[in-house]
Amino acid sequence: MNEKRTVSTVSEVINDFLKRKNLIQEESPWALGESTHGGIGVFATRDIESGEEVFKDYPVIIGPRTTPNNPVFCMACYRNTKPVPCLENCGLPICSAKCKEKHKAECELFKKKRGEVTNHINEKLFKFSTPLRSLLLDENDRKVVAYLKYHEGAIHGFEIDKLQKMGMKFEEPEEKYLRRVCCVMDANAFEVIVGNENNYSNLRGLYPLGSLLNHSCVPNMMHVFDKNQLMVARACMKIKKGEELCHSYARAIWGTPTRMYHLVRTKHFICRCPRCCDPKEFGSYMSAFVCKNCNGNVIPKHLFNLKSDWICEDCHVEVKREEVANLMLTLGSVLSSFDGENIEVMLKFLSGKLRKLVTVNHEMVVELKYKIVWIIGHQTQYKWNDIDDNLLNLKKSICEELLDLLRILRLGECKLKGLLLYELYLCLKEGMRRDSLTLGNEIEIASTLKQAANILKEDVCAPVAVQNISQEMKSI
Ligand SMILES: C[S@@+](CC[C@H](N)C(=O)[O-])C[C@H]1O[C@@H](n2cnc3c(N)ncnc32)[C@H](O)[C@@H]1O
């Protein structure tokens, strides 16, 4: 990169990229500017309505994630249905002749770099392949990558170490470029889910304009990915002209210390948004524990400090941070042991031991409720025909409680709200099907589905009923 990274040089590079991808808007509602968060950010150039599309973006680099247990998928279409080893023996998975054609340049590159061929899918190669794809970018796209923010430090670029250990050789400038790509990906890449229902592929994509959105735990932007991995970025609440557009880099249903830990570890900054500045998290107390002394709420003693001890709001008894960390670890492992999908055990823990230890909206409670919502109505033994009215009512109540929590957390028309509204819709519809139960009238049922569909529109992962809403409406 020869020129300095300024609002004007980055704007030029981003606009050129969007133009080349046919994504330039006639009167775009955004412009880049200096952010108070540091660096560059994206700002509204006019008032924006909630739900309005703000921009579309295309991935300059996209490919597999390095996370463990990520199922192998086709390198060209990203579907994970029956990929087979590429017949050219490059070691990567491909699913059809059409995809093989699309994968040709990459296949040549990987064979050349490896110096050896293999007739089976090399899962390690697949997993660390994404940065290598950047070697296929043209000069213009390389320039886009060069103008994006990057993280420095030893933890970034481990993919290149892994590829070298697998026998790949890189000249010095090439290795430097690849390591920079890794640092750029770590600072900016999005998790991209492709597919729906029980067939997901999990990718990471570098979206140049999306990369310039800074973070807030009270975000005013949300995004979905369409079937071509195009990012559709929308306002999730009303935005005033001049306001910075932010999305969340952390899960909204994490409490502040968990979000802070994630942001510091992966993005190297401490968020100071209104939610992080409020130890009570807008009254939700999502990270608070129950005081053993007086049953009051135990919250972190110091804001913005991962090493802070904790203190009871009422009796001021202090709790060492190690004790809180141990409790979180124990609760976390109990929750992950619940993958056996036995709702009765989960419910007993939820209303018993867990509630004695943590607040009603604690992130562990939310996590468990969230699990229960996705089991009832969907998983074996708990399909709609298997469950009684009590379980159906329970699912409806949990959906409503979680939707209330999203309101308290000021999360607007976020994706999680769309998904919960859809689950609530399913409960209402099932209630209507059962003669014994009226959970809502037809107008309420249709309006719940419409609200869900408005949020999840264009999302390739949205439930089929949301994608075919007009068809679904006929069934109400
Ligand atoms: C994806 S980039 C966002 C765009 C970036 N500001 C730029 O100049 O390109 C992510 C980086 O921006 C900075 N950042 C984003 N949100 C922030 C926030 N709320 N507070 C402080 N820094 C933030 C951090 O350095 C973070 O690692």
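One-based numbering, in listed order, for ligands and for the atoms of each.
- Here the shortest heavy-atom distance to atom 7 (C) of ligand 1, taken over Arg5, Glu244, His37, belongs to Arg5.
- The distance criterion of under 3.5 Å between nitrogen or oxygen atoms is not met by Ser216 with respect to ligand 1.
- Protein heavy atom closest to atom 25 (O) of ligand 1, with residue, atom name and distance, is Lys149 CE, 3.1 Å.
- The His151 neighbourhood of ligand 1 comprises atoms 27 (O), with distances under 4.0 Å to a heavy atom of that residue.
- A ring-centre distance under 6.0 Å is found for Phe289 and Trp310.
- Between Glu159 and Thr66, the side chains place no donor N or O within less than 3.5 Å of an acceptor N or O (distance only, hydrogens not considered).
- For the pair Gly38 and ligand 1, a heavy-atom separation below 4.0 Å is found.
- When heavy-atom distances to ligand 1 are checked against a 4.0 Å cut-off, Leu213 comes that close only through its backbone atoms N, CA, C and O.
- The protein heavy-atom contact nearest to atom 8 (O) of ligand 1 is Ile40 N, 2.8 Å.
- Atoms of ligand 1 found under 4.0 Å from any heavy atom of Ala187, numbered from 1 in the order shown, are 1 (C), 10 (C).
- The shortest N or O to N or O distance between His215 and ligand 1 is below 3.5 Å.
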Q: Show your reasoning for whether side-chain hydrogen bond (donor to acceptor under 3.5 Å, both in side chains) applies to Ser287 and Glu363.
A: CA-CA 6 Å; Ser287 29; Glu363 63 180 78; 5.7 Å; no
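- Within the 4.0 Å heavy-atom cutoff, Arg272 does not count among the residues contacting ligand 1.
- The closest side-chain donor-acceptor pair between Tyr285 and Glu313 falls under 3.5 angstrom.
- Side-chain N/O atoms of Glu413 and Asn454 include no donor and acceptor closer than 3.5 Å.
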Q: Please test Glu108 against His103 for side-chain hydrogen bond (donor to acceptor under 3.5 Å, both in side chains), starting from the C-alpha separation and ending with a verdict.
A: CA-CA 9 Å; Glu108 290 304 321; His103 157 75; over 6 Å; no
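- Those atoms of ligand 1 with a heavy atom of Lys267 less than 4.0 angstrom away are 26 (C), 27 (O).
- Partners of Tyr370 according to the side chain to side chain donor-acceptor pair (under 3.5 Å) rule, which considers only residues two or more places apart in sequence or in another chain, do not exist here.
- Here the protein heavy atom with the shortest distance to atom 10 (C) of ligand 1 is Tyr249 OH, 3.4 Å.
- With ligand atoms numbered from 1 in the order given, ligand 1 contributes 8 (O) to contacts under 4.0 Å with heavy atoms of Gly39.
- Note: no N/O pair closer than 3.5 Å links Phe269 and ligand 1 by distance alone.
- A donor atom on one side chain and an acceptor atom on the other are found under 3.5 Å apart for Ser35 and Glu244.
- Of the N and O atoms on the side chains of Thr130 and Arg133, not one donor lies less than 3.5 Å from an acceptor on the other residue.
- Between Asn214 and ligand 1, an N or O atom pair is found at a separation short of 3.5 Å.
- In this pair, Tyr207 and Phe225 present their aromatic rings tilted. The plane angle is within the 30 to 60° band.
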